[in-house]
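Just below is one structure, and these are the notes that go with it.
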There are 2 protein chains.
Amino acid sequence: MSICGPILGDVADRVRGAANKRPRYDPDRLLEVAVQQFILRGYEATSMAQLGKAAGLGKSSIYHHFASKEAILHRALSRALDALFAVLEEEQARLGPPPARLEHLLRRTVEVLVDELPYVTLLLRVRGNSRTELWALERRRHFDREVAELVAATASTGGLRQGLEPGLGARLLLGMVNSISEWYRPGGPLSAADLARMAASVGLHGISGAARAGAAGARGAKID
Amino acid sequence: MSICGPILGDVADRVRGAANKRPRYDPDRLLEVAVQQFILRGYEATSMAQLGKAAGLGKSSIYHHFASKEAILHRALSRALDALFAVLEEEQARLGPPPARLEHLLRRTVEVLVDELPYVTLLLRVRGNSRTELWALERRRHFDREVAELVAATASTGGLRQGLEPGLGARLLLGMVNSISEWYRPGGPLSAADLARMAASVGLHGISGAARAGAAGARGAKID
DNA sequence: TCCTTTCCCGACCGGTCGTTCGGTTCCCAT
DNA sequence: ATGGGAACCGAACGACCGGTCGGGAAAGGA
């Protein structure tokens with residue numbers, strides 16, 4: 001128990017021992033606290049002093065573990081991006097018929113999103129304000145493009161609905177999947193695997209099959 | 001032609017005459033410039049000085065038109081929310097069988113999103129940092145809940161796929177629709193009406209009909 | 001022409017930002 | 001027990017933040 005941390009049961013409490021010892025951090029644990037704050041108030045709106053307080057530290061102590069505020073962000077975004085790109089390397093995402101590969105990719109993306117929820121959430125909110133954010137944005141675009149190419153490959157097997165440009169389909173698919181980070185909270189009644197299966201299924205079913213309501217001609221939404 | 005505005009053909013240029021007269025603003029035009037900047041760099045990361053420069057004004061001049069930085073945000077968010085809630089009042093969203101009402105609601109939501117793109121985009125990025133943002137967040141939740149109730153009504157007519165909780169369906173639907181603000185740019189080859197028709201069709205088709213890949217039991221995602 | 005209103009400006013305020021620095025406290029291997 | 005590195009602290013830095021203020025230029029009606 002402590003009165004220091006702003007939220008009960010926080011990392012700040014876990015990091016000190018059972019007694020009220022002085023908190024001792026390593027970069028990864030501090031990262032956890034920092035990302036939590038970044039998500040809560042936004043990166044720009046979070047001050048180093050707030051980061052320190054949330055961790056039970058003075059703000060100058062942060063600089064013992066990270067070179068700068070931006071370095072914290074970089075590490076967090078890197079973690080999210082690495083986890084996402086690892087999915088692209090998985091066998092089932094690289095071999096087999098495109099529709100099955102796309103299904104696997106979407107399902108695993110959701111699972112990673114849930115698994116690394118804070119880090120991916122932070123990634124999805126990046127807007128390109130600093131060099132670090134621009135770098136993350138570009139890496140993320142690479143990922144999106146791979147998904148788009150897989151959707152295009154699925155389309156060329158006839159798996160896409162009439163009039164739906166593959167680029168648009170990919171965007172809608174990714175938008176749906178990414179939006180999960182805005183409401184999903186671990187510990188709820190919905191398991192990550194079930195959510196992933198369902199989201200992938202809903203998404204794929206949405207962009208495939210016969211059109212119900214016709215959209216005359218919807219063309220030209222390439223992932224750039 | 002001017003060297004003042006950061007982007008060519010900006011509102012800052014349009015607002016002065018053909019000659020290089022002094023810019024004269026009214027709140028609405030200034031709002032347009034401000035929202036553009038808020039989207040570009042984020043609300044917190046945008047300073048009043050930057051707002052002024054983007055408008056071709058000194059930062060103190062902003063306060064002639066708006067009481068505070070937060071007042072600018074409030075006006076922008078209000079514009080987006082009013083446009084969205086107006087859709088809920090439309091006849092076709094209130095009368096008829098639930099599936100048709102849902103289709104209309106989704107389609108019109110996309111059209112409003114595109115129509116008021118900067119303002120809705122700003123709304124969708126709000127995280128609840130100030131009283132204004134909390135207010136906007138709550139109004140937005142009301143809108144989401146109305147959509148969720150319509151999805152639930154659609155479900156009770158048997159229009160929802162097996163195992164898909166209406167709350168989860170609504171979230172996925174809204175996530176897909178809202179994500180359009182992250183990539184759609186007016187002037188592209190895709191008209192707002194076509195996009196709206198296609199997005200609504202993809203979304204509805206995704207959450208309805210028979211399941212392809214089974215998700216054992218996916219339950220419990222209520223819109224709060 | 002003159003006066004009023006609208007609009008805009010530069011200088012300035014207190015406060016907070018990210019960051020630096022010299023020094024203190026703690027843990028642990030020796 | 002003791003030396004040394006890792007972890008942490010408070011004070012202070014210059015820069016910049018949102019906001020205020022008194023005054024000047026432009027527009028418009030008389």
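All values derive from a computational prediction rather than experimental measurement. Reckoned from all heavy atoms, side chains included, excluding hydrogens, waters and symmetry mates. Here is how names work: the chains are called A, B, and so on, in the same order as the sequence lines, proteins then strands, and each is numbered from 1.
Aromatic ring orientation, B:Tyr25 versus B:His65: perpendicular (interplanar angle above 60°, classes split at 30° and 60°).
Between the CZ atom of B:Phe66 and the C1' atom of D:dG18 there is a distance of 16 Å, given to the nearest Å. Summarising the geometry, the separation between CD1 on A:Ile62 and C1' on D:dA6 is reported as 16 Å, rounded to the nearest angstrom. A:Met48 places its CE atom 12 Å from the C1' atom of C:dT20, with the value rounded to the nearest Å. One interatomic measurement links the two molecules: OH of A:Tyr63 to P of D:dA6, which rounds to 21 Å at whole-angstrom precision. In this structure, the CZ atom of A:Arg29 is 10 Å from the P atom of D:dC8, given to the nearest Å. Atom CG in B:Leu73 sits about 14 Å away from atom C1' in D:dG18, given to the nearest Å. Computed from coordinates, the A:Lys53 NZ to C:dG18 P distance equals 14 Å when rounded to whole Å. Taking atom CD of A:Glu44 as the reference point, atom P of D:dG18 lies 12 Å away to the nearest angstrom.
Using a 4.0 Å cut-off between charged nitrogen and carboxylate oxygen, A:Arg29 and A:Glu32 do not count as a salt-bridge pair. Between A:Arg127 and A:Glu133 there is no salt bridge, since none of the side-chain N atoms of the basic residue sits less than 4.0 Å from a carboxylate O of the acidic one. A salt bridge is defined here as a Lys NZ or Arg NE, NH1 or NH2 lying under 4.0 Å from an Asp or Glu carboxylate O, and A:Arg107 with A:Glu103 meets this definition.
Taking the nucleotide of DNA chain C with the nearest heavy atom to each of A:Ser60 and A:Ala45, the more 5' of the two is matched to A:Ala45. The 5' end of DNA chain C is approached more closely, in terms of each residue's nearest nucleotide, by A:Gln50 than by the other of A:Gln50 and A:Ala67.
The side chain of A:Arg24 has D:dC8 as its nearest neighbour among C:dT19, D:dC8, D:dG18. Checked against D:dG18, D:dC8, C:dT19, the side chain of A:Tyr25 finds its nearest nucleotide in D:dC8. For A:Lys69, whose side chain is taken as the heavy atoms from C-beta onward, the closest listed nucleotide among D:dG18, D:dC8, C:dG18 is C:dG18.
Remark: B:Lys69 qualifies as a cation-pi partner of B:Tyr43 under the 6.0 Å distance and 45° angle criteria applied to the six-membered ring.
The phosphate of C:dC7 (OP1 or OP2) has a side-chain N or O of B:His64 nearer than 4.0 angstrom. Contact annotation: A:His65 side-chain N/O to D:dA6 OP1/OP2 distance is not under 4.0 Å.
Residue A:Ser47 is classed as a sugar-phosphate contact, given heavy-atom separations below 4.0 Å to backbone atoms only.
Counting distance only, with no hydrogens placed and no angle test, the side-chain atoms of A:Lys59 and the base atoms of C:dT19 include a donor-acceptor pair under 3.5 Å.
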